[in-house]
Amino acid sequence: VTSLIQLIADKLDKKCSVYGITPLNNTGDKFFEIPNHDYEYEIDRLYKRFNLKKPTIIKGLSNDEKIIQEAINNSPYDCIFIDGNHEYNYVVNDIERYIPMLREGGILVVDDCCSKYQLKGFKGYPEVSKAVDERLPPYAYNDNFEYLFNVSHDRVWRKIKNDECKNLLQLCMIVKNSSYCIKNMLE
């Protein structure tokens, strides 16, 4: 997804800086089953394939305080894509620590979080879905985010302004958290 964002920015002749937080291995992720995967090679290969500027890699775990501080120093961000460790506590950390760094109007994407959706194929991981469902619309009230849509096993939100929150809360009461209706009513 980050390479897609870079491709779109290049096509529109917009400045784009991509940052990635990764230990460059699957440290501590009991769900990732490919041992000795060379993440750095894959990142380099993908960006070279599309002739893109290599992203700035912040090497480490997303729950490390030094890494979080470095991310804060580079914020705010226009888009945050969460696709890290798939265990519940890590996902909670990523949601709670990183989404405050998202600029108002910015886009949040979380990978692998549609396990309760009626999808064919891979739906994500139950622990990721649980962490997301407890904190973000349409399953949880969060006055900072509007649920937009899902694409396969990824879900997408927009960080909203405080005055939009009041309208959304009123609409949520009327349509019982139907994000489709809320989105269409606001347009």
Side-chain angles (χ1 to χ4, degrees), residues 1-103 106-115 117 119-132 136 148-158:
V1 168
T2 57
S3 57
L4 176 61
I5 292 167
Q6 183 76 51
L7 283 167
I8 293 168
D10 287 356
K11 185 73 173 169
L12 297 174
D13 200 28
K14 300 287 183 182
K15 182 182 175 199
C16 178
S17 298
V18 176
Y19 296 84
I21 297 172
T22 175
L24 293 173
N25 59 46
N26 61 341
T27 300
D29 192 339
K30 66 184 179 187
F31 295 105
F32 197 79
E33 300 174 1
I34 303 173
N36 304 318
H37 187 72
D38 189 343
Y39 287 83
E40 192 164 17
Y41 169 79
E42 293 298 332
I43 292 168
D44 286 343
R45 184 181 64 80
L46 179 65
Y47 276 76
K48 283 179 185 174
R49 179 178 179 197
F50 293 103
N51 196 31
L52 300 172
K53 177 184 165 200
K54 186 176 175 184
T56 301
I57 300 295
I58 303 171
K59 188 174 179 184
L61 297 173
S62 63
N63 62 351
D64 181 308
E65 290 300 323
K66 289 179 184 176
I67 299 300
I68 294 168
Q69 188 57 54
E70 191 169 344
I72 290 170
N73 293 343
N74 291 303
S75 69
Y77 300 100
D78 295 310
C79 179
I80 293 178
F81 182 77
I82 297 177
D83 181 18
N85 189 306
H86 298 92
E87 295 177 39
Y88 178 83
N89 290 334
Y90 282 91
V91 180
V92 169
N93 173 77
D94 289 349
I95 292 170
E96 291 179 355
R97 299 300 295 271
Y98 289 88
I99 64 175
M101 299 177 211
L102 187 63
R103 159 184 338 273
I107 300 296
L108 171 67
V109 181
V110 181
D111 190 45
D112 301 328
C113 64
C114 295
S115 64
Y117 285 36
L119 303 172
K120 292 181 180 180
F122 181 69
K123 299 177 186 182
Y125 298 100
E127 290 189 35
V128 178
S129 297
K130 181 178 190 278
V132 168
L136 293 164
L148 299 176
F149 55 86
N150 73 288
V151 177
S152 185
H153 54 274
D154 294 348
R155 284 194 252 170
V156 182
W157 296 264
R158 181 177 66 96

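All values below come from the heavy atoms of this structure, side chains included, with hydrogens, waters and symmetry mates left out. All values reported here derive from a predicted model rather than from experimental measurement.
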Next item on the list: For Tyr88, check side chain to side chain donor-acceptor pair (under 3.5 Å) against everything at least two apart and list the hits.
Entry: Glu134

Item checked: For Tyr125, all residues meeting ring pair (Phe, Tyr, Trp, His ring centres under 6.0 Å), sequence neighbours excluded -> Phe31, His86, Phe122

Margin query: Is the shortest side-chain heavy-atom distance between Ile68 and Tyr98 below 4.5 Å?
Written below: yes

Margin query: Using every non-hydrogen atom in the two residues, find where Cys113 and Val132 come nearest and quote the distance to one decimal.
Written below: CB-CG2, 3.9 Å

Check: Distance from Asp83 atom CG to Thr22 atom OG1, nearest 0.5 Å?
Finding: 9.5 Å

Item checked: Separation of Trp157 CH2 from Ile107 CD1 (nearest 0.5 Å) -> 11.5 Å

Next item on the list: Measure across Lys59 and Pro23 and return the closest heavy-atom pair with its distance rounded to 0.1 Å.
Entry: CE-O, 3.7 Å

Notebook entry, point to check: In chain order, what residues pass the ring pair (Phe, Tyr, Trp, His ring centres under 6.0 Å) check against Phe50, with sequence neighbours excluded?
Noted result: none

Note to self: Could you report the tightest heavy-atom contact between Ile57 and Ile43, atom names first, then the distance?
What the structure shows: CD1-CD1, 4.0 Å

Next item on the list: Please identify each residue that fulfils salt bridge (charged side-chain N to carboxylate O under 4.0 Å, His left out) with Lys123, with sequence neighbours left out.
Entry: none

Item checked: Donor-acceptor under 3.5 Å (Tyr77 side chain, Gly106 main chain) -> no

Note to self: Using the side-chain contact (heavy atoms from CB on, under 4.5 Å) criterion, which residues pair with Glu40? Sequence neighbours excluded.
What the structure shows: Leu24, Asp38, Asp44, Lys54

Note to self: Under the rule for salt bridge (charged side-chain N to carboxylate O under 4.0 Å, His left out), what residues qualify as partners of Glu87, not counting sequence neighbours?
What the structure shows: none

Check: In Å and rounded to the nearest 0.5 Å, what is the CD1 to CD1 distance from Ile67 to Ile58?
Finding: 6.5 Å

Check: Between the main-chain N or O of Ser115 and the side-chain N or O of Ser129, is there a donor-acceptor pair closer than 3.5 Å?
Finding: yes

Check: Within a strict 4.5 Å, meaning less than it, do heavy atoms of the Val18 and Tyr47 side chains meet?
Finding: yes

Check: What is the distance from atom CD1 of Ile72 to atom CD of Glu65, rounded to the nearest 0.5 Å?
Finding: 8.0 Å

Check: How far apart are the closest heavy atoms of Ile99 and Ile95, and which atoms are they?
Finding: CG1-O, 2.8 Å

Next item on the list: Using salt bridge (charged side-chain N to carboxylate O under 4.0 Å, His left out) as the criterion, list what pairs up with Glu96, not counting sequence neighbours.
Entry: Arg135

Next item on the list: Could you pull out all residues at least two apart from Asn150 that satisfy side-chain contact (heavy atoms from CB on, under 4.5 Å)?
Entry: Cys114, Tyr117, Leu119, Tyr147, Arg155

Checklist line | Straight-line distance of Leu7 CG to Cys16 SG, nearest 0.5 Å | finding: 9.5 Å

Next item on the list: Could you grab the distance from atom CG of Asn93 to atom CG of Asp64, nearest 0.5 Å is fine?
Entry: 10.0 Å

Check: Excluding sequence neighbours, so at least two apart, what forms side-chain contact (heavy atoms from CB on, under 4.5 Å) with Arg45?
Finding: Tyr41, Glu42

Next item on the list: Work out which heavy atom in Ser62 is nearest to a heavy atom in Asp94; give both atom names and the distance.
Entry: OG-OD1, 2.5 Å

Next item on the list: Decide side chain to side chain donor-acceptor pair (under 3.5 Å) for Gln69 and Asn73; before the verdict, give the C-alpha distance in whole Å, the side-chain angles of both, and the deciding distance to 0.1 Å.
Entry: CA-CA 6 Å; Gln69 188 57 54; Asn73 293 343; 2.9 Å; yes

Notebook entry, point to check: So which pairs with a foot in residues 12-28 pass salt bridge (charged side-chain N to carboxylate O under 4.0 Å, His left out), sequence neighbours left out?
Noted result: none

Checklist line | Partner set under side-chain contact (heavy atoms from CB on, under 4.5 Å) for Asp78, not counting sequence neighbours | finding: Arg103

Note to self: Regarding Asn74 and Glu70, do their side chains bring together a donor and an acceptor under 3.5 Å, going by distance alone?
What the structure shows: no

Checklist line | Residues which pass side chain to side chain donor-acceptor pair (under 3.5 Å) with Asp111, listed by chain and number, not counting sequence neighbours | finding: His153

